[in-house]
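What's counted below: heavy atoms across the whole structure, side chains too, no hydrogens, waters or symmetry copies. When a ligand or atom number is given, it counts from 1 through the structure's own listing order.
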Amino acid sequence: MKHATSTLLAATALALTATTAVANENDAAMLKLASTSGCLTCHSVESGKPGPNGMAPIGPAWQDVAKQYRGKPGAQDFLTRVVLEGSSPYSSHWKGKVSGLSMPPNAVAIKETDARTLVSWILSLGQ
Ligand code: HEC
């Protein structure tokens with residue numbers, strides 16, 4: 001019996017390690033995609049990081065985006081559109097919280113399927 005328990009524990013530990021490894025791999029892949037698509041010039045992942053010259057960051061930290069939109073119906077579709085088409089400086093969604101007035105359209109820099117994948121990763125941050 002003792003033997004069976006420790007085998008079970010070992011198997012559980014292995015499963016946990018595997019899950020963590022997959023999550024990290026996904027993080028690395030997502031960070032690479034964000035970086036090659038130019039997102040990280042304006043965004044940080046972690047909240048609370050200052051922007052250039054200690055000003056407010058140019059765009060909202062993605063952990064803050066997750067907090068703001070997670071669980072809202074249609075958030076993934078909405079944010080994928082904003083990423084591809086950009087936002088309007090006349091109706092900033094993050095007015096006063098960031099130093100950038102609006103996000104330029106990113107459709108030139110990222111494919112729609114990649115934008116959707118990245119947005120779903122952003123929405124999962126900080127869980
Ligand atoms: C030139 C700077 C810049 C780049 C490059 C940029 N963003 Fe943004 N992003 C912003 C700004 C500024 C905002 C805030 C817009 C607002 O207040 O409406 C923003 C907002 C967002 C939001 C929240 C949108 C909302 O309506 O609340 C998401 C998600 C986002 N960006 C993802 C991305 C992704 C993914 C990329 C790369 C493909 C990217 N951004 C590239 C500046 C940028």
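- The shortest N or O to N or O distance between Lys95 and ligand 1 is not below 3.5 Å.
- Heavy atoms of Leu118 approach ligand 1 to within less than 4.0 angstrom.
- Looking at heavy atoms from C-beta onward, His43 lies in side-chain contact with Pro60 at the 4.5 angstrom threshold.
- Contact analysis leaves Ala109 out of contact with ligand 1, as no non-hydrogen atom separation drops below 4.0 angstrom.
- Interface atoms of ligand 1 facing Ser102, defined by a heavy-atom separation under 4.0 Å, are 12 (C).
- Taking each of Tyr69, Trp62, Trp121 in turn, the one with a heavy atom nearest to atom 27 (O) of ligand 1 proves to be Tyr69.
- Closest heavy-atom contact between Lys72 and Gln68: NZ-O, 2.8 Å.
- Selection from Met30, Gln68, Met103, Lys97 by nearest heavy atom to atom 39 (C) of ligand 1 gives Met103.
- Across Pro89 and Ser102, no two heavy atoms sit closer than the pair N-CB, 3.5 Å.
- Looking at Ser92 against ligand 1, both its backbone and its side chain come within 4.0 Å, counting heavy atoms.
- Taking the six-membered ring where the residue is Trp, Trp94 and Tyr69 present tilted rings, their angle falling between 30° and 60°.
- A 4.5 Å side-chain heavy-atom check between Asp114 and Leu118 finds every atom pair outside the cut-off.
- Ranking protein heavy atoms by distance to atom 29 (C) of ligand 1, first place goes to Val65 CG1, 3.9 Å.
- Taking only non-hydrogen atoms, the option from Cys39, Pro60, Gly100 nearest to atom 14 (C) of ligand 1 is Pro60.
- When atom types are taken as modelled, the side chain of Glu85 and the backbone of Pro105 share no donor-acceptor pair closer than 3.5 angstrom.
- Of all the heavy atoms of Pro104, the ones lying under 4.0 Å from any atom of ligand 1 belong exclusively to the side chain.
- In terms of polar-atom proximity, Asn106 is not counted as a contact of ligand 1, lacking any N or O under 3.5 Å from an N or O of the ligand.
- Taking 2.8 Å as the threshold, His43 counts as a candidate ligand of atom 8 (Fe) of ligand 1, since one of its N, O or S atoms lies below it.
- Proximity to Cys42 (heavy-atom distance under 4.0 Å) selects the following atoms of ligand 1: 1 (C), 2 (C), 3 (C), 4 (C), 5 (C), 42 (C), 43 (C).
- Considering both main-chain and side-chain atoms, His93 comes within under 3.5 Å of ligand 1 through a nitrogen or oxygen pair.
- Taking the side chain as every heavy atom from C-beta outward, Trp121 and Asp27 approach each other to under 4.5 Å.
- For atom 24 (C) of ligand 1, the closest non-hydrogen atom of the protein is Leu79 CD2, 3.6 Å.
- In terms of heavy atoms, Glu112 sits closest to Leu84 at CG-CD1, 3.8 Å.
- Between atom 12 (C) of ligand 1 and the options Ile58, Leu84, Val98, the minimum heavy-atom separation is to Ile58.
- The distance from ligand 1 to the heavy atoms of Gly38 drops below 4.0 Å at these ligand atoms: 5 (C).
- Salt bridge annotation for Asp77-Arg116: present, with a cationic side-chain nitrogen under 4.0 angstrom from a carboxylate oxygen.
- Ser99 and Ile58 make their closest contact through OG-CA, 3.5 Å (heavy atoms, listed as atom of the first residue, atom of the second, distance).
- Nearest heavy atoms, Val45 versus Leu125: CG1-CD1, 4.0 Å.
- Of the candidates Phe78, Trp94, Tyr90, Trp94 brings a heavy atom nearest to atom 23 (C) of ligand 1.
- The ligand atoms of ligand 1 that sit less than 4.0 angstrom from a heavy atom of Ser87 are 15 (C), 16 (C), 18 (O).
- Residues Cys39 and Trp62 are in side-chain contact: their nearest non-hydrogen atoms beyond the backbone lie under 4.5 Å apart.
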